[in-house]
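All remarks here apply to the structure that follows.
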Number of protein chains: 2
Amino acid sequence: MKARRATTKIGTRDPLATKAKILDAATREFAMRGYDGARVGEVVKRARCNINLVYHYFGNKEKLFIAVMERAYSRIRLHHKDMELRNADPQDAMRGLIVSTFRMFVDSPETIGLLVSENIHRARHIKNSPLIVSMYDALLDFMRETLDRGVATGVFRSGVDPTDLFISINAEGYFYLSNRHTLGVILHQDFMTEARLRQREAFITDVIMGFLRP
Amino acid sequence: MKARRATTKIGTRDPLATKAKILDAATREFAMRGYDGARVGEVVKRARCNINLVYHYFGNKEKLFIAVMERAYSRIRLHHKDMELRNADPQDAMRGLIVSTFRMFVDSPETIGLLVSENIHRARHIKNSPLIVSMYDALLDFMRETLDRGVATGVFRSGVDPTDLFISINAEGYFYLSNRHTLGVILHQDFMTEARLRQREAFITDVIMGFLRP
DNA sequence: CAAACTACTAAGTGAACGCTTAATTAGAAA
DNA sequence: TTTCTAATTAAGCGTTCACTTAGTAGTTTG
């Protein structure tokens, strides 16, 4: 009855593009509203496709979320892989890791939203993804090695637990961004201006590097 | 028709107790599942009362959430008020603030769950609560003053932004706890054992106090 | 070309869930 | 005792939402 949409004519039928569009839309929706707040109706509206394609390609809402998580994690991994290649001196390597961790959170804001969701659900999705589970071993090795080299050359204090240091470096950026709304209200500031982000980046670097002094 | 429950006999009809039971149950439910994941049916099941009492006393789910948030925040405030009274030397005061912030998160686990929820919803609930908005001014003043005294006596470095320091102190504990599930998976550890918590507490203290050295 | 396959659509369905209606009962006030 | 108010309950209403059914139309293949 209705006039046929122009897009139905030719050139449609692009499964890979459709899948990617759904994944992109789902990433935004899950990151913004969390798993429970997300609506698959919203995802298909953003992706401009029929709702059943979500079920055709991904099965159900939970499997869609897992697909989103795996893609997000492999992006983080890629990001960190770059870091590991740089074999500068220990202090430069550490500074690079700090800055790049913070910038990763700033530049891909969906990462934090997804992590928040995954922790509400007690990590039950990534727990079953061996890819993700083993992802951070290399990064921890890199941290340990950098730390050791710094201790050997006398620029770092000794006895620092690499795991705790890893958590701290992530915490400093993650919390600033994940809690920017409540922090904004109670501290009367806008934490997302470029100037404020630069200030935070410098502060985080100072905190960690200052702590690591012998 | 059915046998009357024993509790209906006498001694029931306790509006304050009922309200408190609902608030307690709602706090647990909202903190565990987040605002969207929480079910008011679950709240009344935990509170062992009829569902309509929730609407009778609180109006709707959102207003119930606001009531929960206000109570949670005033507890945090109370906790911090204690801190401000201690006028020990700057280093002791700072150490006390660090440890007590971490322990506050550990001892009232619902705090983090509620903050997570509130940030997903862009702080739209606490934004309209003047009580909460003004709550942290005093704490920030205390931080600023402690910092200044430490600089004057030569035990702290100068030029530290009190706001950023406040964020960092909170970040170090908050992230460790809010993300314990994903961290547990990727770092192969249990972060909730008493020993691990003590290790983290010591590490956070080292990071901040180490950073503050001149 | 025809058959088979798969991308894609339209139109539901059933269940969950927030909330309401309407009535009942306990206790306070008069 | 009667009256009034507020605490409490039972039952269900309307909507939202994840997911399904059943079909159409491009695309590939024998």
Side-chain angles (χ1 to χ4, degrees), chain A residues 1-26 28-30 32-68 117 121 124-125, chain B residues 1-26 28-30 32-68 117 121 124-125:
Chain A
M1 258 35 174
K2 275 278 191 81
R4 203 177 299 230
R5 333 235 35 209
T7 46
T8 323
K9 280 279 144 124
I10 37 164
T12 29
R13 285 300 174 104
D14 192 341
L16 268 72
T18 306
K19 256 180 112 162
K21 272 199 307 185
I22 293 173
L23 267 181
D24 286 342
R28 285 233 299 281
E29 176 71 5
F30 281 129
M32 268 186 55
R33 314 219 193 274
Y35 181 82
D36 296 301
R39 299 288 167 250
V40 347
E42 272 303 307
V43 172
V44 307
K45 213 152 75 181
R46 273 175 214 240
R48 300 169 146 277
C49 74
N50 188 276
I51 186 168
N52 201 30
L53 289 177
V54 170
Y55 297 96
H56 181 56
Y57 287 121
F58 297 97
N60 58 32
K61 185 182 180 182
E62 181 149 1
K63 283 178 189 162
L64 176 62
F65 184 72
I66 292 172
V68 166
S117 237
H121 289 272
R124 62 182 237 258
H125 302 112
Chain B
M1 255 33 174
K2 274 282 193 77
R4 204 178 300 232
R5 332 236 34 206
T7 45
T8 324
K9 278 278 142 112
I10 35 165
T12 30
R13 285 297 175 107
D14 191 342
L16 268 71
T18 306
K19 255 179 112 161
K21 271 199 308 185
I22 292 172
L23 266 182
D24 286 342
R28 285 232 299 281
E29 176 71 3
F30 281 129
M32 268 187 54
R33 313 217 194 275
Y35 180 82
D36 297 300
R39 298 287 166 251
V40 345
E42 271 304 305
V43 171
V44 306
K45 212 152 77 180
R46 272 174 214 242
R48 299 168 146 279
C49 74
N50 186 277
I51 186 169
N52 201 30
L53 289 177
V54 171
Y55 296 97
H56 181 56
Y57 286 122
F58 297 97
N60 57 30
K61 186 183 179 181
E62 180 148 1
K63 283 178 188 162
L64 175 63
F65 184 72
I66 292 172
V68 165
S117 238
H121 289 271
R124 62 181 236 256
H125 303 113

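Every chain is numbered from 1, with letters handed out A, B, ... down the list of sequences.
- A straight line from CG of B:Leu64 to P of C:dC19 spans 10 Å, rounded to a whole angstrom.
- Side chains of A:Asn50 and A:His56: no donor on one and acceptor on the other come within 3.5 Å.
- The distance between atom CG of A:Leu53 and atom C1' of D:dA25, rounded to the nearest whole Å, is 13 Å.
- Between B:Tyr57 and the phosphate of D:dA6, there is no side-chain N or O to OP1/OP2 separation shorter than 4.0 Å.
- A:His56 places its NE2 atom 14 Å from the C1' atom of D:dG23, with the value rounded to the nearest Å.
- Put simply, CZ on A:Arg48 and CD1 on A:Ile22 are 14.0 Å apart, with the number rounded to the nearest 0.5 Å.
- Put simply, CZ on A:Arg13 is 4 Å from C1' on C:dA7, counting in whole angstrom units.
- For A:Lys45, the side-chain hydrogen bond (donor to acceptor under 3.5 Å, both in side chains) partners are A:Glu42, not counting sequence neighbours.
- Between B:Thr18 and the phosphate of D:dA7, there is no side-chain N or O to OP1/OP2 separation shorter than 4.0 Å.
- Taking the side chain as every heavy atom from C-beta outward, B:Phe30 and B:Leu64 approach each other to under 4.5 Å.
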Worksheet entry | Base versus backbone protein contacts along nucleotides 10-19 of chain D [heavy-atom cut-off under 4.0 Å; B, S, -] | B------SSB

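- In this structure, A:Lys61 satisfies the cation-pi test against A:Tyr35, with its NZ or CZ atom closer than 6.0 Å to the six-membered ring centre and inside 45 degrees of the ring normal.
- Rounded to whole Å, the distance from CG on A:Leu16 to P on D:dT27 is 15 Å.
- Here C:dC8 presents its P atom at 12 Å from NZ of A:Lys19, a figure rounded to the nearest Å.
- For B:Glu29 (side chain) and B:Arg39 (main-chain N/O), a donor-acceptor pair under 3.5 Å exists by modelled atom type.
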